[in-house]
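The next block holds one structure in the form of C-alpha coordinates; read it before the comments.
Just so you know, ligand 1 is whichever comes first in the structure, and atom 1 is the first atom listed for that ligand.
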Amino acid sequence: MSGFVINGGKKLYGEVELQGAKNSALPILSATILTKGDNILYNCPELTDVDACLRILRYLGCEAKEQNGALVLNCGGLCENEIPDSLMREMRSSIVFLGAILARTGYAKLSFPGGCELGPRPIDLHLKALKKMGAKIFERHGSIVCKAEKGLKGAKIDLSFPSVGATENIILAAVLAEGTTTIVNAAREPEICDLCDYLIDAGAEIYGSGEGVIVIDGVRELYGVSHSIIPDRIVASTLMSAAAVTKSSITVNGVIRNHLSSVIPVFEETGCKVSFKDGNMNFSAPEKLKAMPLVRTMPYPGFPTDAQAPLMAAASVCDGTSVFVENIFENRFKHVGELTRLGADINVQGKVAVVNGVKTLYGAKVEAQDLRGAASLIVAALSAEGETQVSGIEFLERGYENFEVILCSLGADVKKI
Ligand code: EPZ
(Lines give C-alpha, C1' and ligand atoms only; values in the text may rest on other atoms or scores of the structure.)
Protein backbone atom coordinates (compact mmCIF):
# COMPACT_ATOMS: atom_id res chain seq x y z
CA MET A 1 0.00 0.00 0.00
CA SER A 2 1.66 3.27 -1.04
CA GLY A 3 1.60 6.26 1.21
CA PHE A 4 2.50 9.89 1.78
CA VAL A 5 4.61 11.23 4.63
CA ILE A 6 3.65 14.85 5.26
CA ASN A 7 5.26 17.37 7.58
CA GLY A 8 2.51 19.90 8.17
CA GLY A 9 2.36 23.54 9.18
CA LYS A 10 4.14 24.87 6.11
CA LYS A 11 2.66 27.80 4.21
CA LEU A 12 2.00 27.22 0.53
CA TYR A 13 2.86 29.73 -2.19
CA GLY A 14 3.13 30.00 -5.96
CA GLU A 15 0.94 28.71 -8.74
CA VAL A 16 -0.14 25.39 -10.26
CA GLU A 17 -1.93 24.24 -13.41
CA LEU A 18 -5.29 22.57 -12.80
CA GLN A 19 -5.55 19.03 -14.24
CA GLY A 20 -8.26 17.81 -16.62
CA ALA A 21 -11.46 16.48 -15.06
CA LYS A 22 -11.56 12.75 -14.31
CA ASN A 23 -15.38 12.69 -14.43
CA SER A 24 -15.36 14.23 -17.88
CA ALA A 25 -12.54 12.10 -19.32
CA LEU A 26 -14.19 8.77 -18.38
CA PRO A 27 -17.52 9.22 -20.24
CA ILE A 28 -15.78 10.84 -23.22
CA LEU A 29 -13.39 7.89 -23.49
CA SER A 30 -16.45 5.63 -23.53
CA ALA A 31 -18.11 7.85 -26.17
CA THR A 32 -15.20 7.33 -28.60
CA ILE A 33 -16.62 3.80 -29.10
CA LEU A 34 -19.41 5.42 -31.12
CA THR A 35 -17.14 7.24 -33.57
CA LYS A 36 -15.38 6.36 -36.83
CA GLY A 37 -11.80 7.57 -37.25
CA ASP A 38 -9.27 9.13 -34.89
CA ASN A 39 -10.17 11.08 -31.76
CA ILE A 40 -7.51 13.29 -30.18
CA LEU A 41 -8.15 14.09 -26.51
CA TYR A 42 -6.13 16.91 -24.94
CA ASN A 43 -5.82 17.69 -21.21
CA CYS A 44 -6.77 14.12 -20.29
CA PRO A 45 -5.46 13.58 -16.73
CA GLU A 46 -2.99 10.76 -16.05
CA LEU A 47 -4.95 8.76 -13.48
CA THR A 48 -5.40 5.09 -12.63
CA ASP A 49 -9.11 5.40 -13.48
CA VAL A 50 -8.18 6.69 -16.96
CA ASP A 51 -5.65 3.84 -17.34
CA ALA A 52 -8.42 1.37 -16.42
CA CYS A 53 -10.64 2.93 -19.11
CA LEU A 54 -7.88 2.60 -21.71
CA ARG A 55 -7.38 -1.06 -20.75
CA ILE A 56 -11.09 -1.68 -21.32
CA LEU A 57 -11.02 0.11 -24.69
CA ARG A 58 -7.97 -1.89 -25.84
CA TYR A 59 -9.64 -5.12 -24.65
CA LEU A 60 -12.68 -4.23 -26.79
CA GLY A 61 -10.39 -3.87 -29.82
CA CYS A 62 -9.93 -0.11 -29.89
CA GLU A 63 -6.61 1.62 -30.47
CA ALA A 64 -5.56 3.94 -27.67
CA LYS A 65 -2.15 5.58 -27.59
CA GLU A 66 -0.28 8.57 -26.22
CA GLN A 67 0.94 11.12 -28.78
CA ASN A 68 2.66 14.39 -27.80
CA GLY A 69 0.83 14.59 -24.50
CA ALA A 70 -2.57 13.83 -26.03
CA LEU A 71 -4.52 10.56 -26.22
CA VAL A 72 -5.31 9.26 -29.73
CA LEU A 73 -8.24 6.85 -29.83
CA ASN A 74 -9.63 4.92 -32.77
CA CYS A 75 -12.46 2.45 -32.16
CA GLY A 76 -12.86 1.30 -35.76
CA GLY A 77 -11.46 -2.08 -34.77
CA LEU A 78 -13.93 -2.74 -31.97
CA CYS A 79 -14.60 -6.51 -31.96
CA GLU A 80 -15.73 -7.26 -28.39
CA ASN A 81 -18.90 -6.35 -26.53
CA GLU A 82 -18.29 -8.04 -23.21
CA ILE A 83 -16.18 -6.53 -20.41
CA PRO A 84 -14.73 -9.22 -18.12
CA ASP A 85 -15.29 -9.03 -14.41
CA SER A 86 -11.60 -8.37 -13.74
CA LEU A 87 -11.66 -5.19 -15.81
CA MET A 88 -15.09 -4.11 -14.50
CA ARG A 89 -13.86 -4.39 -10.92
CA GLU A 90 -10.94 -2.06 -11.54
CA MET A 91 -13.24 0.92 -11.77
CA ARG A 92 -16.77 1.34 -10.45
CA SER A 93 -17.70 3.82 -13.14
CA SER A 94 -17.06 1.21 -15.90
CA ILE A 95 -20.86 1.09 -16.11
CA VAL A 96 -20.52 4.16 -18.34
CA PHE A 97 -19.40 1.77 -21.13
CA LEU A 98 -22.80 0.05 -21.17
CA GLY A 99 -24.70 2.56 -23.30
CA ALA A 100 -21.90 3.00 -25.82
CA ILE A 101 -21.21 -0.72 -26.38
CA LEU A 102 -24.94 -1.45 -26.67
CA ALA A 103 -25.47 1.41 -29.13
CA ARG A 104 -22.49 0.35 -31.26
CA THR A 105 -22.99 -3.45 -31.33
CA GLY A 106 -26.58 -4.14 -30.22
CA TYR A 107 -25.27 -6.31 -27.38
CA ALA A 108 -23.35 -5.69 -24.12
CA LYS A 109 -22.35 -7.89 -21.23
CA LEU A 110 -20.80 -6.40 -18.11
CA SER A 111 -20.63 -7.54 -14.50
CA PHE A 112 -22.54 -5.52 -11.96
CA PRO A 113 -20.32 -2.65 -10.79
CA GLY A 114 -19.04 -3.79 -7.42
CA GLY A 115 -20.30 -1.77 -4.48
CA CYS A 116 -17.70 0.79 -3.70
CA GLU A 117 -16.38 2.73 -0.77
CA LEU A 118 -19.39 5.05 -0.90
CA GLY A 119 -21.97 2.38 -0.31
CA PRO A 120 -24.14 0.45 -2.78
CA ARG A 121 -23.96 1.88 -6.27
CA PRO A 122 -27.32 0.93 -7.85
CA ILE A 123 -27.83 1.22 -11.61
CA ASP A 124 -31.63 0.84 -11.68
CA LEU A 125 -32.06 4.23 -13.40
CA HIS A 126 -29.58 3.23 -16.12
CA LEU A 127 -31.31 -0.12 -16.83
CA LYS A 128 -34.87 1.26 -16.69
CA ALA A 129 -33.97 3.89 -19.28
CA LEU A 130 -32.26 1.44 -21.65
CA LYS A 131 -35.30 -0.87 -21.42
CA LYS A 132 -37.51 2.07 -22.46
CA MET A 133 -35.24 2.49 -25.47
CA GLY A 134 -35.88 -1.10 -26.52
CA ALA A 135 -33.07 -2.99 -24.82
CA LYS A 136 -33.79 -6.46 -23.40
CA ILE A 137 -31.90 -6.81 -20.12
CA PHE A 138 -31.04 -10.08 -18.35
CA GLU A 139 -29.29 -10.28 -15.02
CA ARG A 140 -27.57 -13.54 -14.07
CA HIS A 141 -24.62 -14.62 -11.97
CA GLY A 142 -23.62 -11.03 -11.20
CA SER A 143 -23.59 -10.03 -14.86
CA ILE A 144 -25.89 -7.83 -16.90
CA VAL A 145 -26.64 -8.83 -20.50
CA CYS A 146 -28.26 -6.17 -22.67
CA LYS A 147 -29.57 -6.88 -26.17
CA ALA A 148 -30.97 -4.52 -28.78
CA GLU A 149 -30.73 -6.57 -31.99
CA LYS A 150 -33.05 -4.17 -33.81
CA GLY A 151 -31.13 -1.19 -32.49
CA LEU A 152 -32.23 1.31 -29.86
CA LYS A 153 -35.20 3.62 -30.25
CA GLY A 154 -35.55 7.15 -28.93
CA ALA A 155 -37.83 7.48 -25.88
CA LYS A 156 -38.94 9.96 -23.23
CA ILE A 157 -37.05 9.21 -20.03
CA ASP A 158 -38.09 10.74 -16.71
CA LEU A 159 -35.25 10.35 -14.19
CA SER A 160 -36.48 10.14 -10.58
CA PHE A 161 -33.03 11.44 -9.57
CA PRO A 162 -30.65 13.50 -11.76
CA SER A 163 -28.10 10.69 -11.82
CA VAL A 164 -24.86 11.70 -13.55
CA GLY A 165 -24.03 8.18 -14.74
CA ALA A 166 -27.55 7.40 -15.87
CA THR A 167 -27.73 10.68 -17.82
CA GLU A 168 -24.42 9.82 -19.51
CA ASN A 169 -25.48 6.27 -20.39
CA ILE A 170 -28.77 7.50 -21.85
CA ILE A 171 -26.99 10.13 -23.96
CA LEU A 172 -24.52 7.51 -25.24
CA ALA A 173 -27.36 5.13 -26.08
CA ALA A 174 -29.43 7.85 -27.74
CA VAL A 175 -27.02 9.63 -30.10
CA LEU A 176 -27.17 6.80 -32.71
CA ALA A 177 -30.68 5.58 -31.81
CA GLU A 178 -33.63 5.83 -34.18
CA GLY A 179 -35.69 8.91 -33.38
CA THR A 180 -35.66 11.39 -30.53
CA THR A 181 -34.80 10.83 -26.86
CA THR A 182 -35.84 13.33 -24.20
CA ILE A 183 -34.29 13.14 -20.74
CA VAL A 184 -36.33 14.93 -18.09
CA ASN A 185 -34.59 15.74 -14.78
CA ALA A 186 -31.21 15.15 -16.44
CA ALA A 187 -28.00 15.76 -14.47
CA ARG A 188 -26.61 19.25 -15.16
CA GLU A 189 -22.97 18.76 -14.12
CA PRO A 190 -20.27 20.49 -16.24
CA GLU A 191 -18.96 17.03 -17.12
CA ILE A 192 -22.31 16.26 -18.81
CA CYS A 193 -21.92 19.46 -20.87
CA ASP A 194 -18.36 18.50 -21.81
CA LEU A 195 -19.53 15.05 -22.97
CA CYS A 196 -22.29 16.67 -25.05
CA ASP A 197 -19.89 19.25 -26.52
CA TYR A 198 -17.59 16.41 -27.63
CA LEU A 199 -20.49 14.41 -29.12
CA ILE A 200 -21.94 17.46 -30.93
CA ASP A 201 -18.50 18.10 -32.48
CA ALA A 202 -18.51 14.44 -33.54
CA GLY A 203 -21.84 14.98 -35.36
CA ALA A 204 -24.47 14.28 -32.67
CA GLU A 205 -27.63 16.37 -32.38
CA ILE A 206 -28.05 17.22 -28.68
CA TYR A 207 -29.96 20.17 -27.26
CA GLY A 208 -30.23 21.50 -23.72
CA SER A 209 -27.13 19.99 -22.06
CA GLY A 210 -26.62 21.66 -18.69
CA GLU A 211 -30.38 22.19 -18.40
CA GLY A 212 -32.82 19.82 -16.70
CA VAL A 213 -34.17 18.59 -20.05
CA ILE A 214 -31.87 17.22 -22.74
CA VAL A 215 -33.17 16.32 -26.24
CA ILE A 216 -31.17 14.02 -28.49
CA ASP A 217 -32.06 13.39 -32.16
CA GLY A 218 -30.41 10.16 -33.25
CA VAL A 219 -28.05 10.39 -36.26
CA ARG A 220 -26.53 7.68 -38.44
CA GLU A 221 -22.83 8.17 -37.80
CA LEU A 222 -20.36 10.00 -35.57
CA TYR A 223 -16.81 10.90 -36.53
CA GLY A 224 -13.66 11.15 -34.44
CA VAL A 225 -12.72 14.72 -33.43
CA SER A 226 -10.21 16.63 -31.33
CA HIS A 227 -11.40 17.70 -27.89
CA SER A 228 -9.87 19.27 -24.80
CA ILE A 229 -11.18 17.98 -21.45
CA ILE A 230 -12.50 20.66 -19.07
CA PRO A 231 -10.53 21.37 -15.86
CA ASP A 232 -11.30 19.42 -12.70
CA ARG A 233 -13.48 21.46 -10.33
CA ILE A 234 -13.06 18.97 -7.49
CA VAL A 235 -9.26 19.10 -7.64
CA ALA A 236 -9.61 22.90 -7.63
CA SER A 237 -11.80 22.68 -4.50
CA THR A 238 -9.18 20.44 -2.90
CA LEU A 239 -6.35 22.91 -3.63
CA MET A 240 -8.49 25.70 -2.13
CA SER A 241 -8.88 23.61 1.04
CA ALA A 242 -5.11 23.00 1.16
CA ALA A 243 -4.43 26.74 0.93
CA ALA A 244 -7.14 27.51 3.52
CA VAL A 245 -5.76 25.14 6.18
CA THR A 246 -2.20 26.43 5.70
CA LYS A 247 -3.33 30.08 5.74
CA SER A 248 -1.73 30.51 2.30
CA SER A 249 -2.14 32.50 -0.89
CA ILE A 250 -1.88 30.45 -4.10
CA THR A 251 -2.85 30.75 -7.75
CA VAL A 252 -4.54 27.91 -9.63
CA ASN A 253 -4.33 28.31 -13.41
CA GLY A 254 -7.01 27.13 -15.84
CA VAL A 255 -10.08 27.31 -13.57
CA ILE A 256 -13.64 27.78 -14.90
CA ARG A 257 -15.17 30.03 -12.27
CA ASN A 258 -18.82 28.98 -12.93
CA HIS A 259 -17.96 25.38 -12.09
CA LEU A 260 -17.13 26.52 -8.55
CA SER A 261 -20.16 28.76 -8.04
CA SER A 262 -21.39 26.75 -5.02
CA VAL A 263 -17.91 26.21 -3.52
CA ILE A 264 -16.45 29.74 -3.60
CA PRO A 265 -19.09 31.29 -1.25
CA VAL A 266 -18.31 28.64 1.39
CA PHE A 267 -14.64 29.65 1.46
CA GLU A 268 -15.53 33.36 1.37
CA GLU A 269 -17.68 32.88 4.50
CA THR A 270 -14.57 31.58 6.29
CA GLY A 271 -12.74 34.80 5.39
CA CYS A 272 -10.83 33.54 2.33
CA LYS A 273 -10.51 35.86 -0.68
CA VAL A 274 -11.11 34.42 -4.15
CA SER A 275 -10.53 36.41 -7.35
CA PHE A 276 -10.12 35.53 -11.02
CA LYS A 277 -8.00 36.98 -13.82
CA ASP A 278 -7.89 35.46 -17.33
CA GLY A 279 -9.08 32.05 -16.16
CA ASN A 280 -6.63 31.92 -13.24
CA MET A 281 -7.88 31.82 -9.67
CA ASN A 282 -6.11 33.76 -6.91
CA PHE A 283 -6.94 32.33 -3.49
CA SER A 284 -5.81 33.72 -0.16
CA ALA A 285 -6.68 32.60 3.35
CA PRO A 286 -6.74 34.60 6.62
CA GLU A 287 -4.68 33.69 9.67
CA LYS A 288 -7.89 32.45 11.33
CA LEU A 289 -10.70 30.77 9.39
CA LYS A 290 -14.26 31.48 10.48
CA ALA A 291 -16.68 28.50 10.57
CA MET A 292 -18.23 27.40 7.28
CA PRO A 293 -21.93 27.99 6.62
CA LEU A 294 -24.20 24.95 6.46
CA VAL A 295 -22.85 22.76 3.60
CA ARG A 296 -25.51 20.54 1.98
CA THR A 297 -24.36 18.35 -0.93
CA MET A 298 -26.76 18.54 -3.87
CA PRO A 299 -26.83 17.75 -7.61
CA TYR A 300 -25.16 20.48 -9.70
CA PRO A 301 -25.35 23.47 -9.49
CA GLY A 302 -25.63 22.69 -5.74
CA PHE A 303 -22.60 21.98 -3.57
CA PRO A 304 -20.72 18.96 -5.04
CA THR A 305 -20.64 15.79 -2.93
CA ASP A 306 -17.07 15.13 -4.15
CA ALA A 307 -15.86 18.32 -2.45
CA GLN A 308 -17.44 17.45 0.92
CA ALA A 309 -14.50 15.46 2.29
CA PRO A 310 -11.70 17.91 1.33
CA LEU A 311 -13.68 20.89 2.67
CA MET A 312 -14.44 19.05 5.93
CA ALA A 313 -10.70 18.88 6.54
CA ALA A 314 -10.59 22.67 6.26
CA ALA A 315 -13.66 23.01 8.51
CA SER A 316 -11.79 20.97 11.15
CA VAL A 317 -9.49 23.93 11.86
CA CYS A 318 -12.06 26.74 11.48
CA ASP A 319 -12.96 28.89 14.51
CA GLY A 320 -16.46 27.64 15.36
CA THR A 321 -18.85 24.88 14.34
CA SER A 322 -19.52 23.84 10.73
CA VAL A 323 -22.28 21.43 9.65
CA PHE A 324 -22.20 19.14 6.60
CA VAL A 325 -25.23 17.28 5.24
CA GLU A 326 -24.38 14.51 2.73
CA ASN A 327 -27.50 14.10 0.60
CA ILE A 328 -26.07 12.17 -2.34
CA PHE A 329 -24.30 9.07 -1.04
CA GLU A 330 -25.18 6.85 1.90
CA ASN A 331 -21.73 6.29 3.25
CA ARG A 332 -19.48 9.21 2.49
CA PHE A 333 -18.14 10.06 5.95
CA LYS A 334 -15.44 7.38 6.11
CA HIS A 335 -12.77 10.10 6.42
CA VAL A 336 -14.31 11.35 9.73
CA GLY A 337 -12.79 8.58 11.85
CA GLU A 338 -9.37 9.23 10.37
CA LEU A 339 -9.66 13.04 10.72
CA THR A 340 -10.50 12.45 14.38
CA ARG A 341 -7.21 10.56 14.77
CA LEU A 342 -5.52 13.81 13.69
CA GLY A 343 -7.34 15.67 16.47
CA ALA A 344 -10.46 16.85 14.65
CA ASP A 345 -13.69 17.09 16.67
CA ILE A 346 -16.49 15.74 14.44
CA ASN A 347 -19.78 14.07 15.34
CA VAL A 348 -21.74 12.14 12.71
CA GLN A 349 -25.46 11.47 13.01
CA GLY A 350 -26.76 9.75 9.87
CA LYS A 351 -26.15 12.07 6.97
CA VAL A 352 -25.16 15.01 9.17
CA ALA A 353 -21.61 15.71 10.36
CA VAL A 354 -21.09 18.43 12.97
CA VAL A 355 -17.50 19.76 12.90
CA ASN A 356 -16.32 21.70 15.96
CA GLY A 357 -13.22 23.54 14.79
CA VAL A 358 -10.04 22.96 16.81
CA LYS A 359 -6.97 25.18 17.10
CA THR A 360 -4.46 22.58 15.98
CA LEU A 361 -4.36 19.13 14.40
CA TYR A 362 -1.52 16.75 15.27
CA GLY A 363 0.29 14.37 12.94
CA ALA A 364 -0.60 10.66 13.14
CA LYS A 365 -0.82 7.51 11.02
CA VAL A 366 -4.10 7.56 9.06
CA GLU A 367 -5.55 5.38 6.36
CA ALA A 368 -7.55 6.52 3.33
CA GLN A 369 -10.58 4.43 2.43
CA ASP A 370 -11.87 6.23 -0.67
CA LEU A 371 -10.78 8.75 -3.27
CA ARG A 372 -12.00 12.03 -1.77
CA GLY A 373 -11.37 10.79 1.77
CA ALA A 374 -7.69 10.40 0.81
CA ALA A 375 -7.66 14.03 -0.36
CA SER A 376 -9.31 15.08 2.90
CA LEU A 377 -6.62 13.40 5.03
CA ILE A 378 -3.85 15.00 2.97
CA VAL A 379 -5.40 18.46 3.39
CA ALA A 380 -5.65 17.90 7.15
CA ALA A 381 -2.04 16.63 7.28
CA LEU A 382 -0.81 19.82 5.59
CA SER A 383 -2.22 21.70 8.57
CA ALA A 384 -1.27 19.24 11.32
CA GLU A 385 1.72 19.81 13.58
CA GLY A 386 4.43 17.20 13.02
CA GLU A 387 4.50 14.18 10.73
CA THR A 388 1.47 12.44 9.28
CA GLN A 389 1.59 9.15 7.37
CA VAL A 390 -1.34 8.70 4.98
CA SER A 391 -1.70 5.17 3.59
CA GLY A 392 -4.12 4.07 0.87
CA ILE A 393 -2.74 6.55 -1.67
CA GLU A 394 -3.88 4.26 -4.49
CA PHE A 395 -7.35 5.67 -3.83
CA LEU A 396 -5.99 9.20 -4.35
CA GLU A 397 -4.28 8.26 -7.63
CA ARG A 398 -7.66 7.36 -9.13
CA GLY A 399 -8.51 11.08 -9.32
CA TYR A 400 -5.49 13.28 -8.53
CA GLU A 401 -2.64 13.53 -11.03
CA ASN A 402 0.85 13.66 -9.44
CA PHE A 403 -0.64 15.27 -6.35
CA GLU A 404 2.52 15.04 -4.24
CA VAL A 405 4.43 16.85 -7.02
CA ILE A 406 1.74 19.54 -7.17
CA LEU A 407 1.81 20.07 -3.41
CA CYS A 408 5.64 20.12 -3.24
CA SER A 409 5.70 22.70 -6.05
CA LEU A 410 3.57 24.86 -3.72
CA GLY A 411 6.07 24.46 -0.89
CA ALA A 412 4.52 21.56 1.03
CA ASP A 413 6.72 18.85 2.57
CA VAL A 414 5.22 15.67 1.07
CA LYS A 415 7.12 12.46 0.33
CA LYS A 416 5.66 9.43 -1.40
CA ILE A 417 6.68 6.08 0.14
C1 EPZ B 1 -20.73 10.44 -10.60
O2 EPZ B 1 -21.01 9.18 -10.02
C3 EPZ B 1 -19.29 10.74 -10.29
N4 EPZ B 1 -18.43 9.72 -10.89
C5 EPZ B 1 -19.09 10.75 -8.77
O6 EPZ B 1 -17.72 11.11 -8.52
C7 EPZ B 1 -19.99 11.83 -8.18
O8 EPZ B 1 -19.87 11.81 -6.78
C9 EPZ B 1 -21.45 11.55 -8.58
O10 EPZ B 1 -21.55 11.47 -10.02
C11 EPZ B 1 -22.40 12.64 -8.10
O12 EPZ B 1 -21.99 13.87 -8.62
C13 EPZ B 1 -18.13 9.80 -12.21
O14 EPZ B 1 -18.57 10.70 -12.90
C15 EPZ B 1 -17.21 8.76 -12.75
P16 EPZ B 1 -24.97 9.34 -9.60
P17 EPZ B 1 -22.39 8.41 -10.36
O18 EPZ B 1 -25.46 8.32 -10.56
O19 EPZ B 1 -22.72 8.60 -11.78
C20 EPZ B 1 -28.00 7.02 -6.81
C21 EPZ B 1 -15.63 10.96 -7.50
O22 EPZ B 1 -15.29 11.10 -6.32
N23 EPZ B 1 -28.32 6.23 -8.02
O24 EPZ B 1 -25.29 10.79 -9.83
O25 EPZ B 1 -22.28 7.04 -9.83
C26 EPZ B 1 -26.60 6.68 -6.30
O27 EPZ B 1 -26.65 5.53 -5.48
C28 EPZ B 1 -16.88 10.17 -7.83
O29 EPZ B 1 -15.04 11.46 -8.50
C30 EPZ B 1 -29.39 5.33 -7.98
O31 EPZ B 1 -30.06 5.19 -6.95
O32 EPZ B 1 -23.39 9.24 -9.44
C33 EPZ B 1 -26.20 7.89 -5.54
O34 EPZ B 1 -26.76 7.84 -4.24
C35 EPZ B 1 -17.52 9.54 -6.61
N36 EPZ B 1 -29.68 4.59 -9.08
C37 EPZ B 1 -26.87 9.03 -6.31
O38 EPZ B 1 -27.88 8.42 -7.12
C39 EPZ B 1 -28.97 4.72 -10.23
O40 EPZ B 1 -29.31 4.03 -11.23
C41 EPZ B 1 -25.90 9.78 -7.20
O42 EPZ B 1 -25.42 8.87 -8.13
C43 EPZ B 1 -27.89 5.63 -10.27
C44 EPZ B 1 -27.59 6.38 -9.15
Straight-line distance of N327 CG to T297 OG1, nearest 0.5 Å: 4.5 Å
Atoms in ligand 1 with a heavy atom of [X] nearer than 4.0 Å:
| X | value |
| --- | --- |
| R372 | 21 (C), 22 (O), 29 (O) |
| F161 | 37 (C), 38 (O), 41 (C) |
| P122 | 27 (O), 30 (C), 31 (O), 36 (N), 39 (C), 40 (O), 43 (C), 44 (C) |
| I123 | 39 (C), 40 (O) |

Without swapping roles, check the side chain of [X] against the backbone of [Y] for a donor-acceptor pair under 3.5 Å.
| X | Y | value |
| --- | --- | --- |
| T105 | Y107 | yes |
| N402 | V405 | no |
| S241 | S237 | yes |

Close N or O approach ([X], ligand 1; < 3.5 Å):
| X | value |
| --- | --- |
| E168 | no |
| G165 | yes |
| T305 | no |
| V164 | yes |
| S93 | no |
| L125 | yes |
| I328 | yes |

To atom 35 (C) of ligand 1, the nearest of E191, R332, K22 on a heavy-atom basis is R332
With heavy atoms only and a cut-off of under 4.0 Å, state how D124 meets ligand 1: side chain, backbone, both or neither. both
Structural part of Y300 in contact with ligand 1, heavy atom criterion under 4.0 angstrom: neither
Going by side-chain contact (heavy atoms from CB on, under 4.5 Å), V255 matches just one of L260, N280, V274. Which one? L260
Over 12 foreign heavy atoms within 6.0 Å of [atom1], [X]:
| X | atom1 | value |
| --- | --- | --- |
| K128 | NZ | no |
| R58 | CZ | yes |
| K109 | NZ | no |
| K365 | NZ | no |

May I ask you to check whether F324 and F333 place their ring centres under 6.0 Å from each other? no
Check whether any heavy atom of M91 sits under 4.0 Å from an atom of ligand 1. no
